[in-house]
Trainee: 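Supplied in C-alpha cells, the structure appears directly below.
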Amino acid sequence: MTRSNAQGGPNSRTRSSHRAHNSTTPSGQDSVTHRYVDTSDGVRLAVQVRGNADAPTVLCVHGFPDDHRVWDGVANDLVPALRVITFDVRGSGASGKPRRIKDYRLDQLADDIGRVIDTVSPGQPVHLLGHDWGSVQAWHAATEPAHRHRIASLTSVSGPCLDHVPYWVRSRLAAGPRGWKDLAGQWKSPLYMGFFQIPWLAPLACRLGLVDGTIALAAHFETGSRPAHGASGRASDNRGGLKIYTANLLPRLLRPQQRHTDMPVQVLAPRRDIFITPASQIDISCWAADSQVHDVEGGHWVPAFNPAVIADRVRSFITERARLNQIGEL
C-alpha cells in the first residue's frame with residue numbers, strides 16, 4: 001500500500017577534521033574505502049564509502065544494536081547507480097564509544113551526521129536513509145533548520161521522529177477504539193525500551209548474549225534471506241549504543257518539540273515489524289508536507305533480510321525527485 005502527501009570508552013580524539021585510509025576492502029561486488037571523521041566533541045567515527053563519486057550520494061544511518069554492516073545488502077544493490085556512505089554510529093562498530101550518557105543525545109547525533117556529510121559530500125546535499133534509531137537520528141537532522149542545506153531527502157525505515165511520538169499517542173487516544181488498538185499494538189516498545197535503560201542489567205544482558213538471542217528469535221518474522229552478518233554478538237559488541245535510550249527517551253517524550261521539515265520524505269513501513277508497528281510510523285503529513293508512505297514486505301530488519309525492496313524504493317524516490325526538480329526548473 002502506498003500513501004502520498006507530496007506537493008510537487010573515553011572519547012577517541014584526533015587532531016585533524018578527518019582521516020582517510022589508503023586501503024580498500026571488498027564488499028560484494030564493490031570495493032569500500034574506509035576513513036574516519038571527527039565529531040564536534042572529538043569522537044572518531046568510522047566511515048565507509050563506495051560507488052561513483054559523481055553519482056548522487058545516499059548516507060545510511062543504522063540503529064541499535066547494529067553497525068554499518070546492516071546496510072551492506074542495500075549498498076551493494078544501489079551501487080554503482082548511486083554513491084553510498086555508511087558509518088558506525090558512536091557507541092558501535094569501529095567508532096568511538098564515549099562513556100557519558102549526554103554524549104548520545106539526539107542533538108549531538110544529528111551533528112555527527114552533519115559532520116559526516118560535510119566531509120564526504122561537501123557542498124552537495126545527500127539523501128538520508130535511516131533504520132531503527134538511525135531513522136530517529138535522521139529525522140532529528142532533517143527537522144533541524146541548521147542541517148537543511150545538507151540533506152536532499154529522507155527515507156525512514158522502522159523509526160519515527162521521537163518528538164512526534166507523544167503527539168501521535170494523543171491523537172490515538174482521542175480517536176476512540178481504533179486508535180486504542182494502534183496503541184495496544186505497541187505494547188512491546190515500553191517494555192524493551194525501559195529495560196534498555198536499566199544500568200548494569202541491560203549491558204549485562206547484552207554481554208551475556210540474551211539480547212542477541214532475542215534478535216535471533218525475531219528473525220522468524222523476516223522475509224528474504226538471512227544476511228552474511230547475522231545477529232551473533234552484535235548487541236554484545238555494540239552495547240555502548242544502549243546509552244541512546246537513556247539520553248533521549250524520557251527527555252524527548254516528556255518535553256516534545258513540534259519538529260517540521262519541508263524536504264521530501266518517504267516512510268517505508270515493514271508489514272511484519274514486531275517492534276515498531278506500521279501505525280506508529282505513518283502519520284507524518286502534519287510534520288512533512290512533501291511526504292509519502294509505502295508498506296514494504298518484511299520485518300524489523302528488512303534492510304538486512306530483504307535489501308532489494310529498500311534499495312528499489314530509495315532508487316525510485318531519488319529518481320522521482322530529480323525528475324520533479326528538472327520540471328520545476330523549466
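Being a predicted model, the structure only gives us computed values, none of them experimental.
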Trainee: Assigning hydrophobic clusters by single linkage (Ile, Leu, Val, Met, Phe, Trp, Tyr; side-chain heavy-atom cutoff under 4.5 Å), is V293 placed with Y167?
Mentor: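 Different hydrophobic clusters.
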Trainee: Starting from L210, can I reach I198 by hopping between I/L/V/M/F/W/Y residues whose side chains sit under 4.5 Å apart?
Mentor: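 Result: no, two separate clusters.
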Trainee: Quick one: CD on Q258 to OG1 on T143, what's the gap to the nearest 0.5 Å?
Mentor: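 Taking CD in Q258 and OG1 in T143, the distance rounds to 12.0 Å.
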Trainee: Do you know the tightest heavy-atom contact between V37 and R115?
Mentor: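 Here V37 and R115 meet closest at CG1-O, 3.9 Å.
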Trainee: Examine W168 and I284 and state if one hydrophobic cluster contains both, with Ile, Leu, Val, Met, Phe, Trp and Tyr joined whenever side-chain heavy atoms are less than 4.5 Å apart.
Mentor: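 Yes, because W168 and I284 connect within a single hydrophobic cluster, where side-chain heavy atoms sit under 4.5 Å apart.
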Trainee: Do H164 and W139 have ring centroids that are under 6.0 Å from one another?
Mentor: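 Ring centroids of W139 and H164 are less than 6.0 Å from each other.
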Trainee: Aromatic ring centroids of H131 and H300 under 6.0 Å?
Mentor: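 For H131 and H300, the ring centres are under 6.0 Å apart.
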Trainee: Do D107 and H140 meet the criterion of a side-chain donor-acceptor pair at a distance under 3.5 Å?
Mentor: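 Note: D107 and H140 side chains meet the donor-acceptor criterion.
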Trainee: Measuring from atom CE of M193 to atom CG of L253, what distance do you get when rounded to the nearest 0.5 angstrom?
Mentor: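 Reported value, rounded in 0.5 Å steps: 8.5 Å.
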Trainee: Is there side-chain contact between H294 and T155, with at least one heavy-atom pair below 4.5 Å?
Mentor: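 When only atoms from C-beta onward are counted, T155 and H294 do not touch, as no gap falls below 4.5 Å.
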Trainee: Any side-chain heavy-atom pair from E320 and R323 closer than 4.5 angstrom?
Mentor: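 Side-chain contact under 4.5 Å: yes.
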Trainee: So how far is it from L268 CG to D295 CG, rounded to the nearest 0.5 Å?
Mentor: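 Separation between the atoms: 9.5 Å.
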Trainee: Give a yes or no on whether a salt bridge exists between D163 and R252, defined as a side-chain N under 4.0 angstrom from a carboxylate O.
Mentor: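 The answer is yes: the pair qualifies as a salt bridge.
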Trainee: Hey, is the main chain of R315 close enough, under 3.5 Å, to the side chain of T319 for a donor-acceptor pair?
Mentor: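 Checking the backbone N and O of R315 against the side chain of T319, a donor-acceptor pair under 3.5 Å is found.
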Trainee: Salt bridge or not between R321 and D290? Use side-chain N to carboxylate O under 4.0 Å.
Mentor: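 Yes, R321 and D290 are salt-bridged.
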Trainee: Would you mind reporting whether W301 and I215 have side-chain heavy atoms less than 4.5 Å apart?
Mentor: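 SC-SC contact between I215 and W301 confirmed.
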Trainee: Evaluate the criterion side-chain hydrogen bond (donor to acceptor under 3.5 Å, both in side chains) for residue pair D111 and S40; output intermediate values, then yes/no.
Mentor: CA-CA 8 Å; D111 189 73; S40 59; 2.9 Å; yes
Trainee: Stepwise, does the side-chain contact (heavy atoms from CB on, under 4.5 Å) test hold for V126 with V58?
Mentor: CA-CA 6 Å; V126 306; V58 179; over 6 Å; no
Trainee: Has N238 got a side-chain atom pairing as donor or acceptor with R234's backbone, closer than 3.5 angstrom?
Mentor: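 Pair found, side chain donor or acceptor close to backbone of R234.
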Trainee: How far apart are the closest heavy atoms of R100 and K243, and which atoms are they?
Mentor: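 Result for this residue pair: O-CD, 4.1 Å.
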Trainee: Could you check whether any side-chain N or O of R259 sits under 3.5 Å from a backbone N or O of C161, counting only pairs where one atom can act as donor and the other as acceptor?
Mentor: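 Absent.
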Trainee: Looking at every heavy atom in both A235 and D212, which two are closest together, and how far apart are they?
Mentor: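 The pair with the smallest heavy-atom distance is N-OD1, 2.9 Å.
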Trainee: Using a cut-off of 6.0 Å, state whether more than 12 heavy atoms not belonging to F221 lie near its atom CZ.
Mentor: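 No - once you tally the heavy atoms of other residues, nucleotides and ligands closer than 6.0 Å, there are 12 at most.
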Trainee: Going by atom types alone, do D182 and Q186 pair a side-chain donor with an acceptor below 3.5 Å?
Mentor: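 There is no such pair (donor and acceptor under 3.5 Å, judged by atom type) between the side chains of D182 and Q186.
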Trainee: Under the 3.5 angstrom rule, does the side chain of S135 hit a backbone N or O of V157 as a donor-acceptor pair?
Mentor: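 Checking the backbone N and O of V157 against the side chain of S135, a donor-acceptor pair under 3.5 Å is found.
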Trainee: If only atom types and distance count, is the side chain of Q292 paired as donor or acceptor with the main-chain N or O of Q266 below 3.5 Å?
Mentor: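 Not at all, since once roles are kept as given, no pair shorter than 3.5 Å links the two residues.
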Trainee: Is S121 reaching over with its side chain to a backbone N or O of P125, donor-acceptor style, under 3.5 angstrom?
Mentor: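 No: the side chain of S121 does not pair with the backbone of P125.
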Trainee: Check this for me, if you would: do K97 and D88 make a salt bridge, where the nitrogen-to-carboxylate-oxygen distance has to be below 4.0 angstrom?
Mentor: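 Judged by the 4.0 Å cut-off on N to carboxylate O distance, K97 and D88 do not form a salt bridge.
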Trainee: Indicate yes or no for a side-chain donor-acceptor contact from Q48 to the backbone of V32 under 3.5 Å, with no hydrogens or angles considered.
Mentor: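 Not confirmed, Q48 side chain does not pair with V32 backbone.
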Trainee: Honestly, is R44 close enough over Y36, meaning NZ or CZ under 6.0 Å from the six-membered ring centre and within 45° of the axis?
Mentor: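 Here R44 passes the 6.0 Å and 45° test against Y36.
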Trainee: Indicate if L250 and Y192 have the same hydrophobic cluster label, given that clusters are the connected sets of ILVMFWY residues with side-chain heavy-atom separations under 4.5 angstrom.
Mentor: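 Hydrophobic grouping puts L250 apart from Y192.
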Trainee: Is a donor on one side and an acceptor on the other found under 3.5 Å between the side chain of R90 and the backbone of D103?
Mentor: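 Checking the backbone N and O of D103 against the side chain of R90, a donor-acceptor pair under 3.5 Å is found.
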Trainee: Any side-chain heavy-atom pair from F317 and H127 closer than 4.5 angstrom?
Mentor: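 In short, these two side chains do not touch, never coming nearer than 4.5 Å.
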Trainee: Just wondering, are more than 12 heavy atoms of other shown residues or ligands nearer than 6.0 Å to NZ in K188?
Mentor: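 More than 12 within 6.0 Å, yes.
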Trainee: With side-chain contact (heavy atoms from CB on, under 4.5 Å) as the test, would you mind laying out the steps for Q137 and I244 before giving the verdict?
Mentor: CA-CA 10 Å; Q137 297 172 58; I244 197 172; 4.0 Å; yes
Trainee: Is the shortest side-chain heavy-atom distance between L242 and Q197 below 4.5 Å?
Mentor: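 Contact flag for L242/Q197 side chains = no.
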Trainee: Check whether the ring centres of Y104 and Y245 lie less than 6.0 Å apart, and answer yes or no.
Mentor: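 No - the distance between ring centres of Y104 and Y245 does not fall below the 6.0 Å cut-off.
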Trainee: Does the pair S92 and H62 meet the rule for a side-chain hydrogen bond (donor to acceptor under 3.5 Å, both in side chains), with working shown?
Mentor: CA-CA 10 Å; S92 66; H62 69 81; 3.2 Å; yes
Trainee: Within a strict 4.5 Å, meaning less than it, do heavy atoms of the D273 and I276 side chains meet?
Mentor: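 Answer yes - side chains close enough.
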Trainee: Salt-bridged, D118 to R150, with N to O below 4.0 Å?
Mentor: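 Judged by the 4.0 Å cut-off on N to carboxylate O distance, D118 and R150 do form a salt bridge.
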Trainee: With a 4.5 Å heavy-atom cut-off, do L106 and L162 have their side chains touching?
Mentor: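 Counting from C-beta outward, L106 and L162 do come under 4.5 Å.
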Trainee: With a distance cut-off below 6.0 Å to the six-membered ring centre and an angular limit of 45° from the axis, does R207 pair with W200 as a cation-pi contact?
Mentor: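 Judged by the rule (NZ or CZ under 6.0 Å from the ring centre, within 45° of its axis), R207 is not positioned above W200.
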Trainee: Grab the two heavy atoms, one from A152 and one from M263, that are nearest each other, plus how far apart they are.
Mentor: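 Smallest heavy-atom distance, with atoms named: O-CB, 4.4 Å.
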Trainee: Do F64 and C206 come within less than 4.5 Å of each other through their side chains, counting heavy atoms only?
Mentor: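 They are in contact (side-chain heavy atoms under 4.5 Å apart), so the answer is yes.
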Trainee: Checking E297 side chain against R271 main chain: does a donor-acceptor pair fall under 3.5 Å?
Mentor: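 It does not hold such a pair.
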Trainee: Which heavy atom of T119 sits nearest a heavy atom of P122, and at what distance?
Mentor: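 The answer is O-CD, 3.7 Å.
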Trainee: Main chain of D54, side chain of N52: is a donor-acceptor contact present, judged purely on distance under 3.5 Å?
Mentor: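 Indeed, once roles are kept as given, a pair shorter than 3.5 Å links the two residues.
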Trainee: Let me see the working for T261 and L154 under side-chain contact (heavy atoms from CB on, under 4.5 Å), right down to the final yes or no.
Mentor: CA-CA 10 Å; T261 184; L154 167 64; over 6 Å; no
Trainee: Rounded to the nearest 0.5 Å, what's the gap from CG on L129 to OG1 on T86? Could you check?
Mentor: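 Separation between the atoms: 11.0 Å.
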Trainee: Can you confirm whether or not the ring centre of F87 sits under 6.0 Å from the ring centre of H68?
Mentor: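 No, the ring centres sit 6.0 Å or more apart.
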Trainee: As a quick check of understanding, evaluate salt bridge (charged side-chain N to carboxylate O under 4.0 Å, His left out) for D262 and R148, giving each step before the final call.
Mentor: CA-CA 9 Å; D262 63 351; R148 180 61 184 90; 2.7 Å; yes
Trainee: When hydrophobic residues are tied together by side-chain contacts of less than 4.5 Å, even through go-betweens, does L201 share a cluster with I101?
Mentor: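 L201 does not cluster with I101.
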Trainee: For a side-chain contact (heavy atoms from CB on, under 4.5 Å) check, start with the C-alpha distance between L59 and I117, then their side-chain angles and the critical distance, and finish with the verdict.
Mentor: CA-CA 8 Å; L59 175 59; I117 295 172; 3.6 Å; yes
Trainee: State, to 0.1 Å, how close V89 and S95 come at their nearest heavy-atom pair, and which atoms those are.
Mentor: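 Residues V89 and S95, closest heavy atoms: O-CB, 4.0 Å.
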Trainee: Measure the CG-CG distance between D312 and D77 for me, rounded to the nearest 0.5 Å.
Mentor: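 The CG atom of D312 sits 6.0 Å away from the CG atom of D77.
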Trainee: Does R105, at its CZ atom, have more than 12 non-hydrogen atoms belonging to other residues, nucleotides or ligands within less than 6.0 Å?
Mentor: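 No, not enclosed.
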